[in-house]
There are 2 protein chains.
Amino acid sequence: MLKELDPLLHSQLRLAIVSALMTAEEAEFTWLQAQTGATAGNLSVQLNKLKDAGYIEIKKSFRGNYPQTLCIMTKLGKEKFKAYVEALKEYLNYK
Amino acid sequence: MLKELDPLLHSQLRLAIVSALMTAEEAEFTWLQAQTGATAGNLSVQLNKLKDAGYIEIKKSFRGNYPQTLCIMTKLGKEKFKAYVEALKEYLNYK
DNA sequence: TTATTAGGTTTATATTATAAAGTAGTCTAT
DNA sequence: ATAGACTACTTTATAATATAAACCTAATAA
């Protein structure tokens with residue numbers, strides 16, 4: 001039987017977020033929005049889901065006068081992503 | 001920006017179905033159920049979605065006295081699966 | 001002959017994703 | 001100094017999707 005695909009990561013937007021964070025290490029809300037093409041609302045919701053699960057950390061501060069939301073992968077998040085990729089390979093006929 | 005992930009294929013169960021059919025060429029309902037671990041109801045629904053989209057063909061007949069549902073990938077389905085795999089790779093940090 | 005099993009489908013419910021609307025504050029031009 | 005537009009989000013409502021429960025029809029077993 002095939003491995004389960006972590007439902008938290010098996011979502012186009014959350015996968016795009018995590019994918020971006022895996023290479024960028026750290027990213028702002030607005031940058032993530034531009035990268036993914038998501039609406040702010042959708043992005044906000046999905047970031048919070050990832051945060052609640054402990055996959056990312058969210059740091060809120062100010063850049064100048066404006067609020068700034070920084071997102072960073074946690075150790076757990078990185079592990080989960082790697083496990084997800086491994087599980088996924090089983091589905092893609094990688095011999 | 002990342003490619004879109006075909007929502008019809010980006011579902012654990014439908015992906016498992018299509019993945020199995022890509023190698024098996026042809027498979028029975030009951031075999032797919034055993035392979036995927038899905039309930040019959042869920043499998044029935046997802047197979048019909050794939051059929052409605054033209055990704056698979058469903059042939060109904062009888063084996064002995066019992067009904068038999070055979071599933072086969074269509075040309076379109078195979079193409080869509082390959083495109084999905086290509087799109088997905090962008091998300092998985094494959095350099 | 002009733003009751004259990006095979007092989008499904010249909011319908012209802014729970015979950016998830018997405019969009020619309022709202023919040024709080026800032027900048028800009030008049 | 002203030003109306004209007006903009007930044008950077010969050011919350012809430014709605015649409016889409018997945019899953020489970022219930023149902024169906026016929027076959028076989030006790």
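Predicted model, so just to flag it, every value in this text is computed and none were measured. In what follows, every chain begins at residue 1, and chains take the letters A, B, ... in the order their sequences are listed.
- Rounded to an integer number of Å, the gap from CG of A/L47 to P of D/dT10 is 8 Å.
- Candidate nucleotides D/dT28, C/dT10, D/dT7 were compared by shortest atom distance to the side chain of A/Y66, and D/dT7 ranks first.
- In terms of position along DNA chain C, the nucleotide closest to B/T30 lies nearer the 5' end than the nucleotide closest to the other residue of the pair A/L13 and B/T30.
- Here the straight-line distance linking atom CD of A/Q12 with atom CG of A/N42 works out to 10.5 Å at 0.5 Å rounding.
- Distance OH/A/Y84 to CG/A/L15: 5.0 Å, rounded to 0.5 Å.
- B/L32 and B/I72 fall into different hydrophobic clusters, where Ile, Leu, Val, Met, Phe, Trp and Tyr residues are linked whenever their side-chain heavy atoms come under 4.5 Å apart, directly or through other members.
- For B/D52 and C/dT10, the CG to P distance is 11 Å, given to the nearest whole Å.
- Of the side-chain N and O atoms in B/N65, one or more sit less than 4.0 angstrom from OP1 or OP2 of D/dT28.
- Taking atom CD of residue A/Q33 and atom P of nucleotide D/dC6, one finds them 15 Å apart after rounding to whole Å.
- If you take CG of A/L8 and P of D/dA18, they are 16 Å apart, rounded to a whole angstrom.
- Minimum interatomic distance between A/A38 and A/Q33 (heavy atoms only, all atoms of both residues): O-CG, 3.1 Å.
- With DNA chain C read from its 5' end, the first of the two nearest nucleotides for B/T69 and A/T39 is the one closest to B/T69.
- Separating the CG atom of B/L43 from the P atom of D/dA21 is a distance of 17 Å, rounded to the nearest angstrom.
- As rounded to whole Å, 6 Å separates atom P of C/dG7 from atom CZ of B/R63.
- Taking the side chain of A/V45 as heavy atoms from C-beta on, and the options D/dT11, C/dG7, D/dT10, the nearest nucleotide is D/dT11.
- Atom P of nucleotide D/dT19 and atom CD of B/Q46 are separated by 7 Å, given to the nearest angstrom.
- Among the nucleotides C/dT18, C/dG8, C/dG7, the one closest to the side chain of B/A40 is C/dG8.
- B/R14 has a side-chain polar atom (N or O) that falls below the 4.0 Å cut-off from OP1 or OP2 of D/dA18.
- Put simply, B/K60 has a side-chain N or O that comes within less than 4.0 Å of OP1 or OP2 on C/dT9.
- A/E86 and A/K82 are not joined by a salt bridge, as no carboxylate oxygen comes within less than 4.0 angstrom of a charged side-chain nitrogen.
- The side chain of A/K49 places no N or O atom within less than 4.0 Å of a non-bridging phosphate oxygen (OP1 or OP2) of C/dT16.
- B/N42 comes within 4.0 angstrom of a nucleotide base, judged by non-hydrogen atoms across all strands.
- Separating the CZ atom of A/F62 from the P atom of D/dC9 is a distance of 10 Å, rounded to the nearest angstrom.
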